[in-house]
Chemist: 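First the structure, then my questions, so here it is.
Just so we're clear, the structure is a prediction, and the values are computed from it rather than from any experiment.
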Amino acid sequence: MAVADFQTRRARKTPKAIRDGADTVAKLFAATVAERGAALAMTHKDHGIWKSFNWDDYGRAARETGMGLIALGLAVGDLAAILSESIPEWLWTDMGIISAAGVSVGLYPTASRDQVEYVLTDSAARFVFVEDEEQLDKILEKRDRLPLVRKVVVYDMKGLRELDDDWVMSYDALRALGREHDAANPGLWDERVAAAKPGDPAIFVYTSGTTGAPKGAKLSHANLIFSIDGW
């Protein structure tokens with residue numbers, strides 16, 4: 001009974017983010033970027049050299065990523081997947097997808113080709129982001145079995161400079177497309193940020209599949225806002 005009462009009180013609590021007007025992850029991210037601007041957002045060690053990114057960098061990267069996806073046809077509620085180690089591009093893409101009113105799903109970088117195919121098919125992913133040539137190979141091998149995937153975006157093009165395939169593009173090219181689409185469509189980004197509702201899914205989370213096929217769970221913006229408020 002005590003546990004039930006505690007859960008009820010927590011469920012009735014209004015998260016601070018909502019009280020501040022940010023009732024979705026997209027709105028909360030936009031508000032944080034506007035508030036913190038030049039403050040440090042993240043650091044990352046790349047080939048032995050630490051690189052720093054502030055919130056303006058983070059917001060710009062997410063916006064260009066999201067607008068690039070919109071230019072490619074990402075509709076409200078469409079899903080995009082990320083197959084990569086934990087690198088800054090992963091975070092930029094995640095927030096770009098969510099801010100564009102899409103749904104983001106992360107795949108384990110150690111996932112096999114069959115596991116990748118399963119998650120992409122089960123989730124009906126329209127776009128896939130991969131870290132490098134190794135991860136791209138998993139997608140290309142299953143290409144004929146992934147008819148819903150419109151485009152594959154690669155972060156690290158090392159070893160792929162000579163690749164000539166309309167199904168695949170570099171992350172740099174996607175961001176450039178996003179900048180162009182943003183300039184040509186003023187106001188569209190703000191519309192997309194405002195499009196998602198608290199009850200709409202923001203991310204899909206899949207189990208590792210060690211005891212059977214991976215199982216996916218939909219987490220809404222409200223779910224994530226509630227969790228964020230608990231920190």
Chemist: Can you tell me if Y58 and T32 form a side-chain donor-acceptor pair at under 3.5 Å?
Modeler: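 No donor-acceptor contact under 3.5 Å links the two side chains.
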Chemist: Do Y155 and T93 have a side chain donor and acceptor closer than 3.5 Å?
Modeler: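 Yes, T93 and Y155 have a side-chain donor paired with an acceptor closer than 3.5 Å.
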Chemist: Evaluate whether atom NZ of K215 has more than 12 neighbouring non-hydrogen atoms of other residues, nucleotides or ligands under 6.0 angstrom away.
Modeler: yes
Chemist: Over all heavy atoms of both residues, which pair between A80 and I97 is shortest? Give the atoms and the distance, please.
Modeler: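 Distance-wise, the nearest heavy atoms are CB-CD1, 3.5 Å.
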Chemist: Is the shortest side-chain heavy-atom distance between V103 and D200 below 4.5 Å?
Modeler: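 No - every pair of side-chain heavy atoms lies 4.5 Å or more apart.
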Chemist: Can you see which heavy atom on H221 is nearest to which on T24, and at what distance?
Modeler: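 That would be ND1-CB, 3.4 Å.
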Chemist: Once you round to the nearest 0.5 Å, how far does CH2 of W92 lie from CD of E64?
Modeler: 10.0 Å
Chemist: Run the salt bridge (charged side-chain N to carboxylate O under 4.0 Å, His left out) test on R36 and D56 for me, step by step, so that the C-alpha distance in whole Å, both residues' side-chain angles and the decisive distance to 0.1 Å come before the verdict.
Modeler: CA-CA 8 Å; R36 300 186 180 180; D56 284 335; over 6 Å; no
Chemist: Can you list the other members of the hydrophobic cluster that holds L188, where links are side-chain heavy atoms under 4.5 angstrom apart?
Modeler: M67, I70, W189, V193
Chemist: To the nearest 0.5 Å, tell me how far Q135 CD sits from T110 OG1.
Modeler: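 Rounded to the nearest 0.5 Å, the CD-OG1 separation comes out at 8.5 Å.
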Chemist: So R60 and D57, salt bridge (charged side-chain N to carboxylate O under 4.0 Å, His left out) or not? Walk me through it.
Modeler: CA-CA 5 Å; R60 184 182 309 108; D57 297 327; 3.3 Å; yes
Chemist: Which distance, rounded to the nearest 0.5 Å, do you find between the CG of L72 and the CG of L174?
Modeler: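 Here the interatomic distance stands at 6.0 Å.
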Chemist: Spell out, yes or no, whether L69 and L148 are grouped together once hydrophobic residues are joined by side-chain heavy atoms under 4.5 Å, including indirect joins.
Modeler: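 Each belongs to a different hydrophobic cluster.
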Chemist: Closer than 4.0 angstrom, basic N to acidic O: yes or no for D23 and K197?
Modeler: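 Salt bridge between D23 and K197, a charged N being under 4.0 Å from a carboxylate O: no.
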Chemist: Report yes or no: do V149 and V119 belong to one cluster of Ile/Leu/Val/Met/Phe/Trp/Tyr joined by side chain heavy-atom distances under 4.5 Å?
Modeler: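 Yes, same cluster.
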Chemist: Judged by atom type as modelled, is there a donor-acceptor pair below 3.5 Å linking the side chain of D78 to the main-chain atoms of A75?
Modeler: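 At least one qualifying donor-acceptor pair exists.
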Chemist: From the options I139, L83, L140, select the one residue that forms a side chain to side chain contact (heavy atoms under 4.5 Å, CB included) with V152.
Modeler: I139
Chemist: Scan R175, R192, R63 and name whichever one has a salt bridge (Lys or Arg N to Asp or Glu O under 4.0 Å) with D182.
Modeler: R63
Chemist: Quick one, S123 and L79 - any side-chain contact, counting heavy atoms below 4.5 Å?
Modeler: yes
Chemist: Using the rule given for side-chain contact (heavy atoms from CB on, under 4.5 Å), can you reason through M42 versus L91, listing the C-alpha separation, both sets of side-chain angles and the distance that settles it, and then say yes or no?
Modeler: CA-CA 10 Å; M42 67 183 76; L91 297 172; 3.9 Å; yes
Chemist: Looking at R143 and D165, is any side-chain nitrogen of the basic one under 4.0 Å from a carboxylate oxygen of the acidic one?
Modeler: yes
Chemist: Looking at R145, I want to see if its CZ is surrounded by more than 12 non-hydrogen atoms of other residues, nucleotides or ligands under 6.0 Å.
Modeler: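 No, because the 6.0 Å sphere around CZ of R145 holds 12 heavy atoms or fewer from other groups.
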Chemist: Is there a side-chain contact between R113 and V116 (heavy atoms, below 4.5 Å)?
Modeler: no
Chemist: Just by modelled atom types, is the Y118 backbone N or O under 3.5 Å from a matching donor or acceptor in the D122 side chain?
Modeler: no
Chemist: If I compare all heavy atoms of A81 with all of A125, which pair ends up nearest, and what's the gap?
Modeler: CB-CB, 4.4 Å
Chemist: Checking side-chain contact (heavy atoms from CB on, under 4.5 Å) for the pair M95/V25: CA distance, chi angles, key distance, verdict?
Modeler: CA-CA 9 Å; M95 290 311 309; V25 175; 3.7 Å; yes
Chemist: Should W90 and M169 be counted in the same cluster of Ile, Leu, Val, Met, Phe, Trp and Tyr side chains packed under 4.5 Å apart?
Modeler: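 Yes, it is one cluster - the side chains of W90 and M169 are joined through contacts under 4.5 Å.
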Chemist: So which heavy atom on A100 is nearest to which on L74, and how close?
Modeler: CB-CD2, 3.8 Å
Chemist: Please give me the minimum heavy-atom distance between T65 and Y171, naming the atom from each residue.
Modeler: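 In this case the closest contact between T65 and Y171 is OG1-OH, 2.6 Å.
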Chemist: Could you check whether any side-chain heavy atom of V105 comes within less than 4.5 Å of a side-chain heavy atom of V205, counting everything from C-beta outward?
Modeler: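 Not touching, per the 4.5 Å side-chain cut-off.
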Chemist: Is there a path of hydrophobic side-chain contacts, each under 4.5 Å between heavy atoms of I, L, V, M, F, W or Y residues, that connects F53 with F29?
Modeler: yes
Chemist: Between CG of D132 and NZ of K158, what distance do you get to the nearest 0.5 Å?
Modeler: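 One gets 10.0 Å once the value is rounded to the nearest 0.5 Å.
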Chemist: Does the side chain of V130 come within less than 4.5 Å of V153's, by heavy atoms?
Modeler: no
Chemist: Do the side chains of L224 and V33 join up, straight or via other hydrophobic residues, at under 4.5 Å, putting them in one cluster?
Modeler: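 Yes, because L224 and V33 connect within a single hydrophobic cluster, where side-chain heavy atoms sit under 4.5 Å apart.
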Chemist: How close do K27 and A194 get, counting heavy atoms only, and between which atoms?
Modeler: CE-CA, 4.2 Å
Chemist: Would you mind reporting whether L146 and T121 have side-chain heavy atoms less than 4.5 Å apart?
Modeler: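 Contact flag for T121/L146 side chains = yes.
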Chemist: Any heavy-atom pair between the side chains of S104 and I82 that's under 4.5 Å?
Modeler: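 A side-chain contact under 4.5 Å exists here.
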Chemist: At what distance, to the nearest 0.5 angstrom, does OG of S84 lie from CG of L107?
Modeler: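 Answer rounded to 0.5 Å: 10.5 Å.
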Chemist: Could you tell me the separation between the CD1 atom of I203 and the CG atom of L219, rounded to the nearest 0.5 Å?
Modeler: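 Rounded to the nearest 0.5 Å, the CD1-CG separation comes out at 4.5 Å.
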